[in-house]
Protein chains: 2
Amino acid sequence: MEQSFKKITVLGGGTGTFVVLSGLKKYPIDLAAIVTMMDSGGSTGRLRDQLEVLPPGDLRQCLVALSEAPALWRKLFLYRFENGDLQGHNFGNIFLSALEKVSDNYDEVIEMASYVLKTKGQVFPVTYNKTNLCAEYESGAVIKGEGNIDEDNKEKSRIKRAFLEPDVEPCEQSVKRLQESDVIIISPGDLYTSIIPILLVKGIKETIQQSKAKIIYILNLMTKSGQTTGYTALDHIYDLTYYLGKTPDTVIVNNGEIPQNILQWYQSHNERLVKNDLFKSGFKGNIIEEDVVDSSKYIESKADVLTRSILRHSIEKLTLKLFDLIQKYA
Amino acid sequence: MEQSFKKITVLGGGTGTFVVLSGLKKYPIDLAAIVTMMDSGGSTGRLRDQLEVLPPGDLRQCLVALSEAPALWRKLFLYRFENGDLQGHNFGNIFLSALEKVSDNYDEVIEMASYVLKTKGQVFPVTYNKTNLCAEYESGAVIKGEGNIDEDNKEKSRIKRAFLEPDVEPCEQSVKRLQESDVIIISPGDLYTSIIPILLVKGIKETIQQSKAKIIYILNLMTKSGQTTGYTALDHIYDLTYYLGKTPDTVIVNNGEIPQNILQWYQSHNERLVKNDLFKSGFKGNIIEEDVVDSSKYIESKADVLTRSILRHSIEKLTLKLFDLIQKYA
């Protein structure tokens, strides 16, 4: 008898998504990731511009997170060159870019990459089209390019509206997957540069609205300067709901303690704890307050971690809670 | 009952070695390549200098030649980037360099690369140590670095002596393999930059001298400007014998016709047909004159072929003849 696992789909692309996928792959579920494809900063941005390939960075993170290949192989795909012509480039990004150049289509790229990385679960780019994320601020300023929005830009007002230029079609498998999902997990990550870009692709919002899937939103631990400065939990949910087209069914908020020295480091970068103001706000969803933080400064791969990633969700604590919820929902 | 194949070992590194290995892998033999590790030009040279890795280029050529992986995978490993930061770099070279960075030792690099490329047969670097090829000319000039010798340098006199700086130890598996070989094939390739560097590594010459293996030398089709300018077949054998410590048992010389337009192209680069002057020379080995040329300008991978490789040995004709000889010898 064939066992039918529940279809769980994770949206995102960065470090937070890496954490969620790395943990969930160990549970008996049918797991997939739908990945943002609008990154334009760093190594990814340069490859994208110079080689005219799709941005590989977020895709690579998700593929490695789901990989069950030997440790050396995963280490290789996270390796970042430190010198010379290749300085700052990540091997996995180079791999995906070269593979795109020799492949007939992007399905072939994903298929081959998933094969060599022995991924458990599937990875779908939200779109196969090239596009740029743009943000319009309350000041009236418009900034184009994910990298420019993500970098600590000079614009101090709130983002009023995010949009893609040009509008792009979704990857068909992404839409099909959303339609079939039992649970959709919105992973922690930069709200405007990792999460919302997925929801801006044509038809994604409508597909989620019409889907029977329960939606779990994992709230960020800290605000992000230039994107969610001063945001409370409710501010996050308010913006997310606008682009998602519906309210998340469940929100997971960390209440585990974070050491003062880490908070001070963030504060010096104009970033603060996301305050949980949901209980008296009239928010109708399920609010789960739980210790899901890892402040042990654990570093998965030294070469691939920026200084800012010193604080993360705990893979074990977070995904144990997620699996618990999945069982209740599905 | 276990079938015991004859141990055939190919020495070299460049395009000529690629041809020999690509053909021989289809025959029922125990095949291995011992690869020169002194390349210092082009993409390989830059990776070697900038990342302090062993030069990956020749190794990559041999691994791909022996690969039985799907065509897309082999195409990927031969892909050369055409733009941006990665311009001129070959993906396979980048792969081996990154793998060296994350591996504990070079055995692990070879093992992993052979595994993913599904190589038939084994590839052994002649040495795991870093060293430079040097050439002393009859004029007294000394040029250091394989890339500098290989490039059409200004030195017009003959090479008097080639040496390594520093002297390096051989890779143990290479020595063992030479001791056990039934036939050693010296593939076509630049005499002073692809073949002789292998013989300069400590102990290699002595091991070959003491080996019971028959030695087959596949003579180059054309002279190489700055290395073997004006060399006849006998000149090649004279120099090779000096570094090999013994005379080859058999020499394969092409007598197939080469179109005039190709000869003219070479002539304009100061390169000419290698004249066969062996028959009346007193050379005691077996001389095989045969049509083993491919002048159809066949290009295996456009991105990886230099203009100069328009003339090659024919994979089919050459390796059919080699297998015929192997059966007689072994």
Side-chain angles (χ1 to χ4, degrees), chain A residues 42-53 56 60 64 67 69-113 115-118 300-304, chain B residues 42-53 56 60 64 67 69-113 115-118 300-304:
Chain A
S43 159
T44 288
R46 281 184 284 152
L47 294 174
R48 173 189 161 139
D49 291 345
Q50 295 171 353
L51 306 175
E52 297 183 346
V53 293
R60 181 250 316 162
V64 175
S67 173
L72 180 66
W73 201 236
R74 282 177 288 138
K75 206 168 148 193
L76 174 67
F77 273 76
L78 292 176
Y79 179 72
R80 202 173 283 279
F81 289 97
E82 290 169 5
N83 304 97
D85 300 345
L86 309 184
Q87 187 166 23
H89 282 296
N90 167 284
F91 174 76
N93 290 353
I94 294 176
F95 171 83
L96 290 172
S97 302
L99 197 51
E100 181 175 346
K101 286 293 187 185
V102 297
S103 296
D104 290 334
N105 55 59
Y106 215 79
D107 282 343
E108 209 170 54
V109 174
I110 307 275
E111 193 184 330
M112 181 64 101
Y115 172 75
V116 300
L117 280 164
K118 300 184 200 297
E300 171 81 13
S301 160
K302 204 180 156 202
D304 197 54
Chain B
S43 159
T44 288
R46 281 183 285 151
L47 293 173
R48 173 188 162 140
D49 290 345
Q50 296 171 353
L51 305 175
E52 298 182 347
V53 292
R60 182 251 314 165
V64 175
S67 172
L72 179 66
W73 202 235
R74 282 177 287 138
K75 206 168 148 194
L76 174 68
F77 274 76
L78 293 176
Y79 179 73
R80 203 173 282 279
F81 289 97
E82 290 169 5
N83 304 96
D85 299 346
L86 309 183
Q87 187 167 24
H89 282 296
N90 167 285
F91 174 77
N93 290 352
I94 295 176
F95 171 84
L96 290 171
S97 302
L99 197 51
E100 181 174 346
K101 286 293 186 183
V102 298
S103 296
D104 290 334
N105 56 59
Y106 216 79
D107 282 343
E108 209 170 52
V109 174
I110 307 276
E111 194 184 329
M112 181 64 100
Y115 172 74
V116 299
L117 280 164
K118 300 184 199 295
E300 171 82 14
S301 159
K302 204 181 157 201
D304 198 54

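Only a predicted model underlies this, so the values are computations on that prediction, with no experimental measurement involved. Chain letters run A, B, ... following the sequence lines, proteins first and then strands; every chain starts at 1.
Contact annotation for B:Phe77: neither backbone nor side-chain heavy atoms come within less than 4.5 Å of a heavy atom of chain A.
Taking both residues in full, the closest heavy atoms of B:Val102 and A:Lys75 are given as O-NZ, 3.3 Å, listed atom of the first, atom of the second, then distance. Here the closest heavy-atom approach between residue A:Asp85 and residue B:Gln50 is recorded as N-OE1, 2.9 Å.
Looking only at side-chain heavy atoms (C-beta outward), A:Leu76 and B:Phe95 come within less than 4.5 Å of each other. Two residues are said to be in side-chain contact when any heavy atoms from C-beta on lie closer than 4.5 Å; A:Leu47 and B:Leu86 meet this criterion.
Interface summary for chain A: among B:Ala98, B:Ser97, B:Gly84, the most heavy-atom pairs under 4.5 angstrom belong to B:Ala98. The greatest number of non-hydrogen atom pairs below 4.5 Å with chain B, out of A:Asp104, A:Asp49, A:Asn83, is found for A:Asn83.
One distance of note links CG of A:Leu99 with OH of B:Tyr79; it measures 11.0 Å at 0.5 Å rounding.
By the neighbour-count criterion of 12 heavy atoms within 6.0 Å, atom CD of B:Glu52 is sparsely surrounded, having that number or fewer from other residues, nucleotides or ligands. Within a 6.0 Å sphere centred on CD of A:Gln87, heavy atoms belonging to other residues, nucleotides or ligands number more than 12.
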